[in-house]
Visitor: 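Could you have a look at this structure, given as structure tokens, before my questions?
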There are 2 protein chains.
Amino acid sequence: MTPLRVLDISEYKKLQKPTRGREEKVVFREHLKKVGAKHSHQRDVILDEFLKQRSHVSADDLYHKARSRDPRIGFSTVFRTLKLLKDAGLAREVVLADGISRFEQNYKHPHHDHLICTSCNKTVEFFVSEIEDLQERVAKKYHFRMKNHVMVLYGICPDCLKSDRG
Amino acid sequence: MTPLRVLDISEYKKLQKPTRGREEKVVFREHLKKVGAKHSHQRDVILDEFLKQRSHVSADDLYHKARSRDPRIGFSTVFRTLKLLKDAGLAREVVLADGISRFEQNYKHPHHDHLICTSCNKTVEFFVSEIEDLQERVAKKYHFRMKNHVMVLYGICPDCLKSDRG
DNA sequence: GTTAATGCAAAACTTTTGCAAATTG
DNA sequence: CAATTTGCAAAAGTTTTGCATTAAC
């Protein structure tokens, strides 16, 4: 059996040159202009906090992070800004097993799948091109035009296995 | 490239000998006995309606179906019965992109993945063993003990592509 | 000065629980 | 009759919206 080539996304991210969100902010400004929306202080702070995140955040997570920087920021603004970030192509929404929407970076952050520990919630992001190819082939077989896909593997991580929490 | 072997679950289901839920009812009775729970009229109706479903149902869907047969059935009973069915190994819970829990048959109904049309919600169930193998290998690489996994491909189905709804 | 964005509060949803009354074994 | 289940109603949690006020262009 040929060895499995797994791209470890956290390693990949470490290798990326940090742009400190400069490009993303330009993308956001241009999207706002395109749809006739206005720039605002709150949207700045929310985007900035969102870009700091290394993993997915819920609207509520991001609300608390943004609010700790500026207590005047309300939940609805975070909620509505996340929708804008999605439209601008900066964020991607994923719904995991608990039914809560979470958002992760989409701009120059490649699609990946998740491995989640059901005991401690540790998350590993990975990418396997063979799986992507097979998904494409399934969609083609059924004559679907595939837009996106979600794959989550649930299990017990090595740490929890050791400490008998699993 | 070797041709992709896709097991079409709807075809598979048609081939299965219909048991009219006889076996499932026995499994449920035995599970109830095992956990010291009681049999009831409502649980009978709810299980029976659940077994009629060819695809996944939400708690609310099943509530309406059960209630149309017996208006005395309440939502909480459906909710709690679904939990029992899960514990008994008769139902499997899946959370799709809208964040709503849905339940599908688990007893002698093999694991499968979903292809969903984002325009008309048409659902295709399929199974590709190569994908399953790759998922196992990813979990092994990260030393996870995999419990279950979810894969959903979203796209536009051929009918919607034709009628320009996509 | 128009137009859009904000924050609050409240609505809309799904999911979950407390409890008196009814049903089961 | 003792124990569990039921249905209701209400709580809890997330997501979404209406609206008077504030901020952006």
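Here is the naming used below: chain letters follow the sequence lines, and residue numbers restart at 1 for every chain. All values below come from the heavy atoms of this structure, side chains included, with hydrogens, waters and symmetry mates left out.
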Visitor: Would you kindly give the CD-to-C1' distance between E93(A) and dT15(D), to the nearest whole Å?
Guide: 10 Å
Visitor: Would you say dT15(D) has OP1 or OP2 under 4.0 Å from some side-chain N or O of S101(A)?
Guide: yes
Visitor: Between K65(A) and E49(A) (salt bridge meaning N to carboxylate O under 4.0 Å), is one present in this structure?
Guide: no
Visitor: Using a cut-off of strictly less than 4.0 Å between a heavy atom of the residue and any atom of DNA chain C, enumerate the qualifying residues of residues 59-81 of chain B by number.
Guide: F75(B), S76(B), F79(B), R80(B)
Visitor: Between the side chains of E23(A) and K108(A), is the shortest nitrogen-to-carboxylate-oxygen separation below 4.0 Å, so that they form an ion pair?
Guide: yes
Visitor: Once you round it to whole Å, what is the distance between C1' of dT23(C) and CG of D44(B)?
Guide: 14 Å
Visitor: Would you mind reading off the distance between F28(B) atom CZ and dT5(D) atom C1', rounded to a whole angstrom?
Guide: 12 Å
Visitor: In terms of relative ring orientation, are H111(A) and F127(A) parallel, tilted or perpendicular, with 30° and 60° separating the classes?
Guide: perpendicular
Visitor: Rounded to whole Å, how long is the line connecting atom CG of L85(B) with atom P of dT5(D)?
Guide: 13 Å
Visitor: Roughly how many Å is it from NZ in K83(A) to C1' in dT14(D), rounded to a whole number?
Guide: 13 Å
Visitor: Would you mind checking if D48(A) and K25(A) are paired as a salt bridge, meaning a charged N to carboxylate O distance below 4.0 Å?
Guide: yes
Visitor: When the distance from CD1 of I100(A) to P of dT16(D) is rounded to whole Å, what number comes out?
Guide: 13 Å
Visitor: Is the shortest side-chain N/O distance from S40(B) to OP1 or OP2 of dT6(D) below 4.0 Å?
Guide: yes
Visitor: Can you tell me whether the side chain of K38(A) and the base of dA23(D) have a donor-acceptor pair closer than 3.5 Å?
Guide: no
Visitor: Counting only side-chain N and O atoms of Q42(B), is one of them less than 4.0 Å from OP1 or OP2 of dA22(C)?
Guide: no
Visitor: Should the pair E93(B)-K86(B) be classified as a salt bridge under the 4.0 Å nitrogen-to-oxygen rule?
Guide: yes
Visitor: Considering heavy-atom distances to DNA chain C, does R29(B) or R102(B) have its closest nucleotide positioned more toward the 5' end?
Guide: R102(B)
Visitor: Round to a whole Å and report the spacing from NE2 of H41(A) to P of dA24(D).
Guide: 9 Å
Visitor: Do R80(B) and S76(B) have side chains that approach each other closer than 4.5 Å (heavy atoms only, starting at C-beta)?
Guide: yes
Visitor: Is any side-chain heavy atom of E104(B) closer than 4.5 Å to one of H112(B)?
Guide: yes
Visitor: How many whole angstroms separate atom CZ of F103(A) from atom C1' of dT14(D)?
Guide: 11 Å
